[in-house]
There are 4 protein chains.
Amino acid sequence: MLEERGFPETGVDEVSRRAGVSHGTFYTHFESKEALLREVAHTVVGEMLAAILLGPGISSDPYERIYATNRQYLASWRRCSRIIRMVDQMSGAGEEYRQLMIEMREVFVSRGAEGIRKLQDARLADPALNPRLTAVALGAMVEQVAHVWLDLGEEFAEEEVVDHLTRLWAGAIGLKVPSNHSVSE
Amino acid sequence: MLEERGFPETGVDEVSRRAGVSHGTFYTHFESKEALLREVAHTVVGEMLAAILLGPGISSDPYERIYATNRQYLASWRRCSRIIRMVDQMSGAGEEYRQLMIEMREVFVSRGAEGIRKLQDARLADPALNPRLTAVALGAMVEQVAHVWLDLGEEFAEEEVVDHLTRLWAGAIGLKVPSNHSVSE
Amino acid sequence: MLEERGFPETGVDEVSRRAGVSHGTFYTHFESKEALLREVAHTVVGEMLAAILLGPGISSDPYERIYATNRQYLASWRRCSRIIRMVDQMSGAGEEYRQLMIEMREVFVSRGAEGIRKLQDARLADPALNPRLTAVALGAMVEQVAHVWLDLGEEFAEEEVVDHLTRLWAGAIGLKVPSNHSVSE
Amino acid sequence: MLEERGFPETGVDEVSRRAGVSHGTFYTHFESKEALLREVAHTVVGEMLAAILLGPGISSDPYERIYATNRQYLASWRRCSRIIRMVDQMSGAGEEYRQLMIEMREVFVSRGAEGIRKLQDARLADPALNPRLTAVALGAMVEQVAHVWLDLGEEFAEEEVVDHLTRLWAGAIGLKVPSNHSVSE
DNA sequence: TATGAATGAGTCTTCATTCAT
DNA sequence: GATGAATGAAGACTCATTCAT
């Protein structure tokens with residue numbers, strides 16, 4: 001319910017009530033309201049990372065891999081978006097949260113950068129691109145599309161979203177889109 | 001200071017103190033705390049829109065235009081990011097703010113989609129792309145890069161960021177990057 | 001509008017607005033909000049007294065006189081009730097208002113007592129009654145009936161109310177109700 | 001202390017302080033400041049009603065019964081007057097309070113009217129009187145005398161007040177005062 | 001360990017009053 | 001004299017936190 005009303009707007013009473021305990025009991029489990037967010041944040045970020053890091057070598061085809069990762073990411077985001085964004089919001093207020101966001105993003109970015117670098121080495125991607133900056137930008141694209149699509153109600157079919165994100169990503173780094181990949185997957 | 005601590009965490013007292021007036025005076029100017037955010041939000045969104053809508057026909061070269069728009073956007077974002085993101089945060093709580101975000105995004109998205117459609121008509125962009133979804137995705141990329149770069153402290157040179165965003169955007173839609181645009185420019 | 005919302009609930013702004021001046025101007029006319037009530041109270045009490053003291057020797061028939069006075073009182077009350085009751089309310093808070101109520105009542109009571117004494121002397125009223133206490137009680141009856149009837153919405157015809165008050169008053173002091181006074185009069 | 005300063009002038013802080021708890025605790029017991037008045041009002045009205053409805057068949061002599069009821073009423077009023085009048089004051093502002101007053105009065109009035117009707121049927125009271133209007137008027141007399149005497153400081157002996165109220169009431173309805181009831185009783 | 005009454009700092013808001021124009 | 005922006009004390013109410021049971 002943190003994800004529904006935001007951290008400052010969510011009261012300890014409400015949290016406790018939904019957990020089926022008295023608000024007094026809350027403090028046997030968490031040192032403070034902030035400690036709750038800390039815990040939740042770490043848990044969710046962990047889940048997010050785990051989800052992404054799992055689906056690795058489904059395929060050796062670069063395009064397939066990008067596609068699989070994007071699909072994965074969107075699925076994870078659907079579950080975690082509210083909390084992640086809440087932590088992102090808090091990053092304006094507490095350095096701890098800023099670090100948490102940076103850490104989380106770092107995993108995605110470094111994986112993405114590594115992948116791009118390999119494609120460049122294999123002459124499959126534009127060698128002029130800064131791998132890290134490119135990974136940041138394309139990761140940002142996927143993340144923000146997830147938000148706009150899932151949270152702000154842009155109406156697209158999931159297939160179409162994943163397909164486009166992958167095409168755009170591939171096109172952006174100069175990876176030729178294989179002719180056998182159609183919009184309908 | 002709204003942008004520093006977030007809306008719920010910022011007290012009317014603090015706003016007033018920084019404005020050098022008593023908290024009573026606050027209510028001479030704003031009907032309520034919410035009215036302040038409303039006013040600020042509309043103002044900032046207006047500025048954002050104005051800034052973007054200005055720089056039009058700088059060039060007829062599609063790549064140049066994308067480049068100019070990205071530069072423009074980043075400059076605007078630098079001034080407004082905190083407020084825009086605050087409104088975005090609030091969009092989870094109040095429909096009004098959600099609408100504001102949607103409206104603002106709509107302007108960017110529809111302009112972008114229109115541009116993409118024209119490029120497709122001119123055979124300069126991949127005709128298989130859904131113009132709107134593409135505009136959403138690439139707009140999201142620019143927006144989120146601005147956030148990650150400016151707010152979360154990824155260290156890149158501004159030139160490099162603008163250059164890459166433009167390359168990626170161009171590549172994504174299949175616009176061939178003219179040879180005379182280099183990363184070091 | 002004091003009479004509509006009560007003294008504590010009526011703001012200086014509201015008073016000023018209705019008077020068509022700025023709230024700043026209020027203080028050129030009244031020293032304070034309390035001064036306003038003081039002034040209004042004195043004025044209204046004055047009107048009330050004036051109204052009653054006017055209609056004197058309409059008739060020499062005691063019953064007629066009681067009747068005329070009751071009718072008079074009800075008419076005055078209709079205009080002043082809210083303010084009078086407000087002052088009565090305030091009498092719990094400020095001695096000044098208590099005095100005002102006492103003064104006002106004193107005029108009615110002493111007139112009433114005087115009338116009763118005369119009737120006793122003329123053997124027309126029960127000589128066992130304490131004139132003052134009787135005047136207090138019967139005055140209280142009229143006053144409170146006015147309130148219950150006019151303010152709390154008991155549904156009676158005005159004629160009937162005046163008639164009954166007079167009958168009751170007359171009967172209470174042992175004044176024989178002349179046979180030619182009917183309820184329908 | 002509500003009774004001392006009136007509802008609008010009494011702060012939650014003051015109530016809490018006198019109750020020996022913090023103002024925060026107030027809201028553990030009452031949902032709002034208004035809820036306090038509501039509760040107090042209902043309680044007091046209940047007490048008032050209970051007190052009156054108790055003393056029933058002390059005697060079968062009509063005069064005695066009127067006397068007993070008046071004494072009873074005055075005693076109850078002494079304890080409740082301030083709160084009752086506060087509710088009466090509030091009846092100008094909130095319909096709920098107006099209803100409360102009307103309900104309370106209704107009990108007294110209907111009982112009084114019933115009594116008068118019986119006396120009329122028994123040829124002991126003036127048959128020309130409207131029982132309800134008469135009950136309203138005489139009830140109003142008792143109520144307001146209680147206020148003037150107890151709250152505004154008219155100096156009378158309690159015995160004398162009860163005695164006179166009874167005489168006046170009896171005389172008003174044409175009930176012959178038995179010779180064995182003296183003023184000094 | 002669980003509870004929930006109690007706490008009190010803190011929040012938004014109102015309003016009588018002042019004062020420079 | 002009239003104005004209305006500014007003031008700040010005060011009000012009702014919230015809520016994270018504590019603690020006796």
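For clarity, every value in this text was computed on a predicted model and none was experimentally measured. In what follows, chains are A, B, ... by sequence order, proteins preceding strands, each numbered from 1.
Between the P atom of F:dC13 and the CG atom of D:Asp13 lies a distance of 12 Å, rounded to the nearest Å. Atom-to-atom, CZ of B:Arg17 to P of E:dG10 comes out at 11 Å; the value is rounded to the nearest Å. When rounded to the nearest whole Å, the span between CD of C:Glu9 and C1' of F:dA12 equals 13 Å. Between the CZ atom of B:Phe26 and the C1' atom of F:dA5 there is a distance of 15 Å, rounded to whole Å. Distance A:Lys33 NZ to F:dT14 P: 15 Å, rounded to the nearest Å. One interatomic measurement links the two molecules: CZ of C:Phe7 to C1' of E:dA16, which rounds to 10 Å at whole-angstrom precision.
Within the nucleic acid shown, D:Gly11 comes within 4.0 Å of sugar-phosphate atoms alone, with no base atom in reach, counting heavy atoms only. Residue B:Ser22 is in base contact, counting any heavy-atom pair closer than 4.0 Å across all strands shown. At a threshold of 4.0 angstrom between heavy atoms, the contacts of B:Thr10 are confined to the sugar-phosphate backbone, with no base atom among them. Within 4.0 Å (heavy atoms only), C:Thr28 reaches sugar-phosphate atoms of the nucleic acid but no base atom.
For A:Glu31, the CD atom sits in a loose shell: 12 or fewer heavy atoms of surrounding residues, nucleotides or ligands are nearer than 6.0 Å. The 12-atom threshold is exceeded at CD of A:Gln99, counting heavy atoms of other residues, nucleotides or ligands nearer than 6.0 Å.
With the nearest nucleotide of DNA chain F identified for both A:Glu31 and D:Val12, D:Val12 has the one nearer the 5' end. The nearest heavy atom of DNA chain E to A:Thr25 and to C:Ser32 marks one nucleotide each, and the one closer to the 5' end goes with A:Thr25.
Distance from the side chain of C:Tyr27 is smallest to E:dT17 among E:dT17, E:dT14, E:dT3.
Checked by distance alone, D:His23 brings no side-chain donor or acceptor within 3.5 Å of a matching partner on the base of E:dA6.
At the phosphate of F:dA6, OP1 or OP2 sits under 4.0 Å from a side-chain N or O atom of B:His29.
In this structure, C:Arg105 does not pair ionically with D:Glu154, as no charged nitrogen and carboxylate oxygen lie closer than 4.0 Å. Using a cut-off of 4.0 Å between Lys/Arg side-chain N and Asp/Glu carboxylate O, D:Arg85 and C:Asp88 are scored as salt-bridged.
The two atoms that bring D:Trp77 and D:Met48 nearest to each other are CE3-CE, 3.9 Å, heavy atoms only.
Across all strands shown, F:dT21 forms a Watson-Crick or G-U wobble pair, both distances under 3.5 Å, with E:dA2.
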